[in-house]
Amino acid sequence: MSYYPLTTLPDYFLMDELLTDEHKLIRQSVRDWVESFVMPKIDDAAQNHTDIPNLMKELGKIGALGPYIPEEYGGSGLDQISYGLIMQELERGDSAVRSAASVQSSLVMFPINEFGSEEQKRKFLPQLASGEMIGAFGLTEPNHGSDPGSMETHFEDKGDHYLLNGAKMWITNAPLCDIAVVWGKNEEGKIQGLIVERAFEGFTTPETHNKWSLRASKTGELVFNNVKVPKENLLPNVTGLKGPLSCLNSARYGISWGVIGAAVDCYCTALQYSKERKQFGKPIGGFQLQQKKLAEFLTEITKAQLLCLQLGRLKNDHKATPAQISMAKRNNVKMAIDIARESRQILGGMGIMGEFPMMRHAANLESVITYEGTHDVHLLITGMDITGINAFG
Ligand code: TGC
Ligand code: FAD
């Protein structure tokens, strides 16, 4: 249990005035759920390198899975700012909790809703929305991470089915998943998406152990050894790398909000502690060096909040570009990991204890700064956008 219950979100520039009552209601209900369901369990889960039991079903109950998916398919039909606020409050608890919701919503439900057939939508989306069914997203491979366009996973057309071979690595929820949206190359070398179901013969999902980051999240591999995939499990409405990358736009957007939650958890903890801890006869929050840290934390959090709010508006109007999303993901994750590391020091020795969140958030954010596109990759995406020159190759 954390020493300090989740407090109100710092709102230095009165951004709540720009939110609707529905936004604030959604934010509060997720915050209350995180405080009552997540906080009592998260430190043990992270210390013991295991996930929170029944997490996906509980996320489904509070409407955190696919919130922007139409209600006819089990979603809530909410806007993008609502999605961002949900991610923010989940990650205040832990990045592993937000990760579970990100993957389910943006990497599994999004492609089925965006690129799937009506049959696929009706078969999979309601169970994914309720959390009855857990999904995974297979893009990264042992030899291809930042460069998924060079993927080796491939499938052949065998008349009444596809034959899938290959392997994916670093896959969130792989050991738990009932289905996986897997990206592979067809016989023409074109990238397409297949919905691979756990029951398919030759499909295995070994777990990755010994992580020091996202310890409360199950990570693993997706291994395909002559897996027969029914033709009706191909996502019919997208071909090319833009398929998986469109899903990443949605997940990256959610992360840019989520990490504000982690940063706020660290900032609020350090601020509270700095008022209570006394050294040399006065609160450490009264020393200039510590006030400098706290003032800079709040400045950076406020800038990140404004960035996300405007990005959410652009996304609501379908005007957000992949490069804008990259800028927000890169900026906000760096903001959060810097605050997590720096705020830990304000607590002195206490800062390394599990009762306080900094070490857990800092360790988690080492994954977050790498996955969904590394810190470098997002810089190059912005660079390519402003110069018109691809600096990846
Ligand atoms: P490039 O030649 O630039 O583009 C190929 C095609 O893709 C299109 N495209 C995009 N479409 C939509 N959204 C985007 N963000 C897009 N970026 C590129 C592009 O328009 C083109 O379309 P077309 O029609 O002309 O074919 O491709 P490239 O091979 O040079 O690679 C570009 C690069 C490096 C930006 C891309 O490969 C990339 O983003 N790499 C990073 C990989 C990544 O982010 N992996 C994440 C895996 S999933 C994950 O980490 C989940 S973590 C779990 C959790 O979230 O909790
Ligand atoms: P690499 O691509 O090998 O990068 C190594 C270093 O090289 C990085 O610093 C990178 O920035 C740098 N680099 C690479 N290319 C360039 C370049 N052109 N210019 C400059 N620098 C470059 N993937 C999924 O598909 N699904 C998931 O659910 C998923 N979940 C994950 C969960 C966790 C906990 C983690 C850690 C990863 C997860 N990933 C997932 C994988 C993640 O997306 C990759 O780790 C990420 O894309 C980076 O790929 P890589 O690890 O192979 O690093």
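Order of appearance sets the numbers: ligands from 1, and atoms from 1 within every ligand. Residues: numbered from 1 along the sequence shown.
Scanning the protein heavy atoms around atom 38 (C) of ligand 2, the nearest turns out to be Trp170 O, 3.1 Å.
Among His361, Arg344, Met359, Arg92, the single residue meeting the side chain to side chain contact (heavy atoms under 4.5 Å, CB included) criterion with Cys266 is His361.
Within 4.0 Å of atom 27 (O) of ligand 1, at least one protein heavy atom is present. For atom 55 (O) of ligand 1, the nearest protein heavy atom is under 4.0 Å away.
Atoms of ligand 2 found under 4.0 Å from any heavy atom of Ile171, numbered from 1 in the order shown, are 24 (C), 25 (O), 26 (N), 27 (C), 28 (O). Atoms of ligand 1 lying under 4.0 Å from any heavy atom of Phe392, numbered from 1 in the order shown and given with element: 34 (C), 35 (C). Every atom of ligand 1 with a heavy atom of Asn249 under 4.0 Å away is listed here by number and element: 12 (C), 13 (N), 14 (C), 15 (N).
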Could you please spell out the steps behind the side-chain contact (heavy atoms from CB on, under 4.5 Å) verdict for Asn233 and Val196? CA-CA 7 Å; Asn233 278 38; Val196 182; over 6 Å; no
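Below 3.5 Å of separation, one finds no N or O of Thr219 facing any N or O of ligand 2. Ligand 2 has an N or O atom lying under 3.5 Å from an N or O atom of Phe392, backbone or side chain.
By the 30° and 60° cut-offs, the orientation of the rings of Trp33 relative to Phe37 is parallel.
Of all the listed residues (Pro244, Ser146, Cys247, Ala174), Ser146 holds the heavy atom that lies closest to atom 2 (O) of ligand 2.
Residue pairs meeting the ring-ring contact (aromatic ring centres under 6.0 Å, His included) criterion with at least one partner in residues 216-248, sequence neighbours excluded, are Phe203-Phe224.
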